Protein chains: 2
Amino acid sequence: MDPFDDPRLTAMGLLVEVATGLTVKAHQSFTAVGLSDVDFETLIRLARSPRQRLRMSDLAAQTSLSTSGITRVVDRLEREGLVMREACSTDRRASYAVLTEAGAERLKAVMPQHLNDIETYFTGLLTPQQLSDFLDALRIIRDVVRPCATVGVERASSEQCEGEKVS
Amino acid sequence: MDPFDDPRLTAMGLLVEVATGLTVKAHQSFTAVGLSDVDFETLIRLARSPRQRLRMSDLAAQTSLSTSGITRVVDRLEREGLVMREACSTDRRASYAVLTEAGAERLKAVMPQHLNDIETYFTGLLTPQQLSDFLDALRIIRDVVRPCATVGVERASSEQCEGEKVS
DNA sequence: TGTAGAAAGTTGTTCGCGCAATCATCGACG
DNA sequence: CGTCGATGATTGCGCGAACAACTTTCTACA
């Protein structure tokens, strides 16, 4: 009779509701140190990339923001001194966004609270076995909905820094 | 050495990545019938509520949009004839957003594709046992991060429609 | 009953993001 | 080696949402 109570719909709703709820919790910690959600996302992606750098377009691909969005986010972060733009030595069209020391410091400042939030509202609520299974399931889905989430990491790690180990 | 590769951080990233990815997939189906993501969210919440109606503020609470955001979304949907505003008989400050027949039809139009997407990119990827455990975990987290996700349902179902079953 | 504070909803303002157009550069092909 | 399509990044523009201020109405308390 009611075509709108399909269990798949409920499952989908549950998933986005949880993700949104956790995002809201995290948001509060981010604003406490003067970062927006996308600021944090951008900085953490850089921090977890080889040599703390990523090309603008790779950053866009990883964050599911548009390239123009990334341009403006990096503009803002650069004004605050949290990232630096650096020219690519092999492709004059491209440029890297590089995490600065200040950017890393800012990240370190939020990290304890942020990790505590995740523990309190997510990982700590499940048993180790539950959590492990949960993450396995997430990975299965991630591999299907997001085939290229690790774009750019091999590039950044393999490319030589100018003057460093000059072949 | 690297304080940014904490497994909790990875877990969080995985979760939001999956949710975002699925949202993007759904977005394509929604735009095909002329709905934005929030349009769909709003309509489906109304459809799944008793008497297909919800007060503006309850709608805001359920969708994690601000009340001003809901005002404008309902403005738009009302212009398109998908919802109707209706005065509350017991509180002259409040008003209901009510799903119209056209709104229900629009929802029915997207539903097959949307359910198919969910099946393809989410529920169908896991075994029944995996899915069941996954949803259990989600519910555990949801209950903590979103204690009042069902605001307004008992109100809408218990309140009498004017002229209907008068006392 | 009258007044003060809270709550529901709308509106003005601001800001962030996506889309499309643009510029510069790269790679391929004749 | 020159030309053309493709790619990386940036900017103009418009839309959509949050925040705060405001209006109306309700509720509590004296």
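Every heavy atom of this structure was used, including side-chain atoms; hydrogens, water molecules and symmetry mates were not. These figures come from a predicted structure and were not determined experimentally. So that the names make sense, note that chain A is the first sequence line, chain B the second, and so on, each numbered from 1.
A straight line from CD of E41(A) to C1' of dC17(C) spans 15 Å, rounded to a whole angstrom. Residue H27(A) contributes atom NE2, which lies 16 Å from atom P of dA17(D) at whole-angstrom precision. For the pair D91(B) CG and dA7(C) C1', the interatomic distance rounds to 8 Å; values are reported in whole Å. For the pair M56(A) CE and dT11(D) P, the interatomic distance rounds to 10 Å; values are reported in whole Å. Between L59(B) atom CG and dA17(D) atom C1' the separation is 15 Å, expressed in whole Å.
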Stepwise side chain to side chain contact (heavy atoms under 4.5 Å, CB included) test for D5(A) and R48(B): CA-CA 7 Å; D5(A) 63 351; R48(B) 304 186 84 174; 4.0 Å; yes

Worked verdict on L9(A) versus M111(B) for side chain to side chain contact (heavy atoms under 4.5 Å, CB included): CA-CA 9 Å; L9(A) 209 51; M111(B) 213 42 85; 4.1 Å; yes

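Put simply, the side chain of R106(A) gets close to the backbone of V33(A): a donor and an acceptor are under 3.5 Å apart.
Taking only distance into account, the side chain of R72(A) meets the base of dG12(D) through a donor-acceptor pair shorter than 3.5 Å. Between the side chain of S66(B) and the base of dC19(D), no donor-acceptor pair of N or O atoms lies under 3.5 Å. In the interface, the side chain of R93(B) is paired with the base of dA7(C) through a donor and an acceptor atom under 3.5 Å apart. No donor-acceptor contact under 3.5 Å links the side chain of R85(A) to the base of dG8(D).
Toward the 5′ end of DNA chain C lies the nearest nucleotide of S68(A), the other residue of the pair S68(A) and R92(A) mapping further downstream. The nearest heavy atom of DNA chain C to S36(A) and to I70(B) marks one nucleotide each, and the one closer to the 5' end goes with I70(B).
Look at D75(B) and R72(B) and you find no salt bridge, because none of the NZ, NE, NH1 or NH2 atoms lies under 4.0 Å from a carboxylate O.
For the pair S57(B) and dG9(C), the criterion of a side-chain N or O lying under 4.0 Å from OP1 or OP2 is met.
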